[in-house]
Amino acid sequence: MTESKRLLLIDGNSVAFRAFFALYTALNSMTNADGLHTNAIFGFNRMLDIMLEDVKPTDALVAFDAGKVTFRTKKYADYKGGRSKTPPELSEQMPVIRQLLAARGIKSYELKNYEADDIIGTMAKQAETAGYETTIFTGDRDLTQLTSDKTSVAVSKKGVTEVETYTPEHVEEKLGVRPDQIIEIKGLQGDTSDNYPGVTGVGPKTAVSLIQKYGTIDGVYENMDKITAKKMKEHLIEDKDSAFQSRDLATIRRDAPIEIKLSDLTYKGDQQDELVKFYQEMNFQSYLNKMNTDAGDEDVLGLKPVEFTVLTADNLNELAQFKDHVSFYLEMPDANYHTSTFAGFVIGEGDKWFVSRDVELLKQAPVKDLLTSDKVQKDVFDLKRTYVGLNRLGIHLSNVDFDLLLASYLLDTNENSNDLGRLAFQHGYHQIQSDEEVYGKGAKRAIPDDDQLFFEHLTRKGITIESLKKSLFKQLDENEQTKLYRDLELPMAYVLAHMEIAGIMVDTDRLSAMQSEFTELLAQTQQTIFQEAGEEFNIGSPKQLQHILFEKLGLTPIKKTKTGYSTSVDVLEKLAAEAPIVENILKYRQISKIQSTYVEGLLKVVHSTDQKVHTRYLQTLTQTGRLSSVDPNLQNIPIRTEEGRRIRQAFIPSHKGWQIFSSDYSQIELRVLAHITHDKNLQEAFKEGDDIHASTARRIFHLGPDAEIDPNMRRQAKAVNFGIVYGISDFGLSQNIGITRKQARQFIDTYFEEYPGVKQYMTDIVASAKDKGYVETIAHRRRYLPDINARNFNQRSFAERTAMNTPIQGSAADIIKIAMIKMEDAIKDLQATMLLQVHDELIFEAPAEEIPTLEKLVPSVMDSAVKLEIPLKVESHYGNTWYEAK
DNA sequence: CTTTTCACG
DNA sequence: ACGTACGTGAAAAGC
């Protein structure tokens with residue numbers, strides 16, 4: 001060998017398929033002048049770039065499937081039967097992908113009666129003989145059977161850029177068998193997506209263990225006398241033909257009658273003229289100028305130049321030109337905008353953009369007037385962040401019309417990002433880079449020193465906000481989400497900003513006292529555990545704990561995790577009777593959790609300036625419309641155990657003589673369920689003011705109206721009610737309350753008989769989700785469920801449960817948000833301040849003399865937030881600390 | 001950077 | 001037969 005040859009073999013259909021779905025959300029925004037969809041072509045090209053860069057091939061081939069009929073379908077008519085057909089939006093792109101390949105100097109090939117796999121298998125074999133290094137690129141894991149010393153298989157995982165590369169060692173590590181044994185596994189377990197059966201009752205686990213033992217399917221049948229499991233043996237005998245046939249179907253051919261030779265595969269590289277023409281036809285601006293041609297005036301990344309003016313004290317007055325409208329972006333490099341430094345800002349409209357690193361300028365009249373004006377509309381990215389940032393500079397942002405981040409979140413909770421550039425890309429706008437690309441990531445992330453670079457990026461942010469406004473508003477309108485945006489989420493951003501800025505006072509002395517107390521307790525418990533274990537070890541390490549419990553002390557493992565035996569609470573509780581050490585470990589875990597996460601964690605984030613914690617509510621994160629809380633998370637402060645609950649003693653009012661006041665919705669999710677299902681029986685219980693879990697117990701256990709409900713029945717009924725809200729499964733319920741799956745099934749069946757409206761709703765909502773692809777809340781909040789029609793049972797089941805749960809959890813989130821907006825207005829003349837929201841609960845601080853007013857006012861605002869078919873119920877508590885407000 | 005565990009609704 | 005409850009965030013360990 002004089003020079004090394006590197007061959008790149010690409011599975012054209014499977015990669016195109018991956019590219020299409022990776023950019024599925026961009027489907028409608030990516031079309032060329034002729035209306036041709038281009039997302040798969042674009043994605044394919046991106047993936048191609050990555051592979052070419054990675055492999056630097058001397059030779060390359062893209063193999064395509066020749067059509068539906070192959071030698072496999074001739075042998076087995078149902079092969080790949082039942083597959084939903086390729087979407088027309090993808091089919092139309094397939095021939096164009098071949099044009100792309102031609103322009104990029106790569107040969108494509110297909111062969112009648114054979115699949116792309118077989119072409120690749122055959123070519124890879126020839127290449128091996130000829131001493132080539134081969135890389136196969138595909139979206140299909142089945143091709144990993146072709147790995148060898150000379151051949152690796154790169155499988156695209158998710159998105160366009162993520163790839164997992166398989167070598168024989170990696171295959172063995174991941175699957176537990178050698179590459180050549182993959183077909184044996186497939187023969188036994190079959191393949192649902194290719195639609196061949198294998199052996200009944202044999203799934204991946206069984207198949208792998210059989211092949212590990214006997215090497216091949218032939219080996220299995222030669223050793224039938226050693227197989228003791230009766231049912232499995234019967235199935236193996238029964239399905240013997242099927243096993244061999246399935247293996248045959250799974251086997252990629254390495255001797256397909258291909259008419260091309262290795263020497264035909266030379267990678268010629270980009271055909272400049274042809275490729276320019278192609279990119280122009282596809283409207284691929286970014287690629288066009290990556291090629292460094294003069295076909296446009298963009299830079300290497302395909303970005304058109306932008307113009308900006310650096311704002312100074314001398315040209316401030318130019319801002320007076322903006323009379324009706326500006327886009328504004330305030331750059332704060334750290335995620336936490338309560339403490340972040342300020343890096344700069346951009347403000348402007350159309351082709352007039354002003355930028356600066358000096359945020360002090362914002363305090364000057366012309367800029368400040370613009371931002372606070374009720375006449376000039378502002379468009380931003382992340383209103384709450386911008387509001388809090390400006391508030392720190394003494395500027396009260398007002399009259400925001402468009403928030404790109406918020407609007408985008410409402411349109412699709414799945415495809416959302418806090419990165420303006422990345423989010424813009426998802427909406428089909430490419431004239432900006434992501435922050436990650438410009439600023440870097442991880443430890444290297446930094447605002448560039450280069451003014452030109454930084455200011456251009458800022459300017460593009462302003463332009464991006466302006467450019468996407470119209471289209472996103474239009475989409476909100478089409479989704480009937482304008483009201484949700486304008487009357488709910490946009491006002492919500494201000495309310496949350498006010499709450500975050502207010503913060504809640506922390507009694508650090510109290511926390512410090514608890515810290516010493518827990519340190520002592522932990523030390524004691526630790527010593528006891530070491531004695532019981534007979535050695536010292538790190539109790540906080542699951543790995544070391546496993547060793548002590550299951551190896552040294554010989555306790556029985558109950559549950560496995562990916563890496564070993566589980567030591568979680570439910571496991572330890574079952575083991576508690578076997579050894580006293582277990583109880584102590586549970587105690588240690590509980591205290592050390594409270595100590596590290598709450599006592600020490602909270603002390604770390606108290607602002608030294610005001611002795612308060614200022615959380616950030618993430619308004620655009622959850623899939624259901626709930627808020628989440630970070631830095632610190634104030635939505636998971638302990639309450640269920642007394643030791644933990646004491647943390648709440650450290651949350652106190654910020655003024656002397658004030659109280660903490662809290663109101664929570666009682667059973668809001670079940671009430672929402674009663675409302676949206678219209679179930680008569682469930683509604684009746686709420687209208688009568690019954691104890692809902694007792695009422696459910698009465699029904700599912702068929703008890704008379706006067707019968708006593710014992711606590712255990714009520715507990716079980718409560719679990720059933722929870723299960724219903726979560727999208728019930730018999731397994732889940734059985735696990736939760738420790739009954740058999742059969743009993744759980746019985747409970748569920750009875751529940752549905754007693755509450756037929758609920759049953760009907762569950763059926764309908766799943767059907768509707770399958771039909772429309774999304775579910776909605778009462779305020780038209782939307783959640784798309786791409787997996788609702790998945791062939792994979794687990795993915796599909798998960799999506800179905802989500803379809804049942806999201807309208808309930810999400811509508812409850814809508815309700816409390818509406819209440820919060822009304823609340824801010826209702827208490828505006830009081831000194832009382834709203835501080836926290838914990839999903840179904842609002843927490844305030846107020847002077848003691850206002851408590852009687854709040855006791856009437858707050859519940860009335862909350863229970864009248866929306867009109868449902870059943871009443872809402874609110875309970876209130878107050879005290880000197882959050883702990884006492886119970 | 002991922003995994004495990006555990007805190008909340 | 002599959003392998004699960006729904007929605008979150010933080011800490012620590014161990015790669």
Side-chain angles (χ1 to χ4, degrees), chain A residues 189-190 192 197-206 231 235 413 442 538-546 559 561-572 586 589-598 600-602 604-605 615-618 621-641 643-645 647-648 664-665 667-669 719-720 722-737 741 744 748 783 791-810 812-813 816 837-841:
Chain A
Q189 77 170 59
T192 44
V199 175
T200 316
V202 176
K205 283 263 156 68
T206 323
K231 262 270 162 334
H235 286 315
T413 51
N538 184 347
I539 307 171
S541 159
K543 205 177 163 192
Q544 295 182 35
L545 187 59
Q546 280 163 42
K559 210 167 66 182
T561 66
K562 278 181 205 166
T563 52
Y565 296 121
S566 171
T567 64
S568 63
V569 178
D570 51 320
V571 170
L572 294 190
L586 282 167
R589 279 251 187 93
Q590 195 209 334
I591 303 299
S592 89
K593 171 82 179 180
I594 295 168
Q595 178 81 311
S596 64
T597 306
Y598 298 103
E600 290 167 355
L602 224 38
K604 268 185 243 168
V605 290
T615 187
R616 281 179 296 132
Y617 288 107
L618 305 187
L621 181 133
T622 70
Q623 300 296 310
T624 55
R626 274 189 175 183
L627 301 173
S628 89
S629 159
V630 294
D631 288 343
N633 181 357
L634 293 179
Q635 292 182 318
N636 72 344
I637 302 300
I639 192 167
R640 293 173 191 171
T641 67
E643 291 94 332
R645 193 174 194 157
I647 294 292
R648 293 176 177 228
D664 65 282
Y665 283 109
Q667 307 296 354
I668 188 159
E669 292 194 346
V720 173
F722 270 101
I724 295 292
V725 170
Y726 293 155
I728 202 155
S729 76
D730 51 7
F731 182 90
L733 182 63
S734 71
Q735 286 293 299
N736 193 286
I737 51 178
R741 210 166 152 163
I748 295 165
R783 180 175 184 176
R791 283 184 296 271
N792 179 303
F793 176 89
N794 278 324
Q795 288 176 0
R796 192 177 60 246
S797 301
F798 185 58
E800 288 171 358
R801 290 199 295 274
T802 311
M804 299 186 240
N805 173 265
T806 296
I808 303 169
Q809 191 182 118
I816 195 164
Q837 187 251 46
V838 192
H839 309 308
D840 62 357
E841 181 186 8

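Computed from a predicted model, the values in this text were never measured in an experiment. Letters go in sequence order (proteins before strands), and every chain restarts at 1.
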Note to self: Using modelled atom types and a 3.5 Å cut-off, is there a donor and acceptor pairing between side-chain atoms of S797(A) and backbone atoms of E800(A)?
What the structure shows: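 A pair under 3.5 Å: no.
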Check: For the side chain of R626(A) and the backbone of Q809(A), is there at least one donor-acceptor N/O pair under 3.5 Å apart?
Finding: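 Flag not set: sc R626(A) to bb Q809(A) has no pair under 3.5 Å.
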Heavy atoms only, 4.0 Å cut-off, all strands: where does [X] land among base, sugar-phosphate and nothing?
X       : result
T624(A) : sugar-phosphate
R616(A) : nothing
L733(A) : base
S629(A) : sugar-phosphate
A719(A) : base
N538(A) : sugar-phosphate
Q735(A) : nothing
G540(A) : sugar-phosphate

Next item on the list: Output all residues satisfying ring-ring contact (aromatic ring centres under 6.0 Å, His included) with F798(A), sequence neighbours left out; order by chain, then residue number.
Entry: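 Scan of F798(A) (ring-ring contact (aromatic ring centres under 6.0 Å, His included), adjacent residues dropped) gives none.
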Next item on the list: Would you mind building the protein contact string for nucleotides 3-9 of chain B? One character per nucleotide, 5' to 3', B for base within reach (heavy atoms under 4.0 Å), S for sugar-phosphate only, - for untouched.
Entry: -SSBBBB
Under the salt bridge (charged side-chain N to carboxylate O under 4.0 Å, His left out) test, which residues partner [X], sequence neighbours left out?
X       : answer
E600(A) : none
R783(A) : none
R645(A) : none
D664(A) : none

Next item on the list: Walk along DNA chain C from 5' to 3' and tell me the first and last nucleotide with an atom closer than 4.0 Å to a non-hydrogen atom of chain A.
Entry: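 The footprint of chain A covers dC2(C) to dC15(C).
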Check: Name the stems with DNA chain C in them: runs of three or more consecutive Watson-Crick or G-U pairs, distances under 3.5 Å?
Finding: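 Stems (3+ consecutive pairs) listed as B:1-9 with C:6-14.
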Next item on the list: Using heavy atoms to find the nearest nucleotide of DNA chain C for D631(A) and F722(A) separately, return the residue whose nucleotide is more 5′.
Entry: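 Counting from the 5' end, the first nearest nucleotide belongs to F722(A).
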Item checked: Same-atom distance (P) from dT4(B) to dT4(C), integer angstrom ->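 My reading of the P atoms in dT4(B) and dT4(C) gives 12 Å.
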Note to self: Please report the distance separating the C1' of dA7(B) from the corresponding atom of dG3(C), rounded so that it comes out in whole Å.
What the structure shows: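 Nearest-Å result for dA7(B) against dG3(C) at atom C1': 25 Å.
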State which residues pass side chain to side chain donor-acceptor pair (under 3.5 Å) with [X]; sequence neighbours excluded, sorted by chain then number.
X       : result
N636(A) : Y598(A), N633(A)
K559(A) : D570(A)
Q189(A) : none
R616(A) : D631(A)

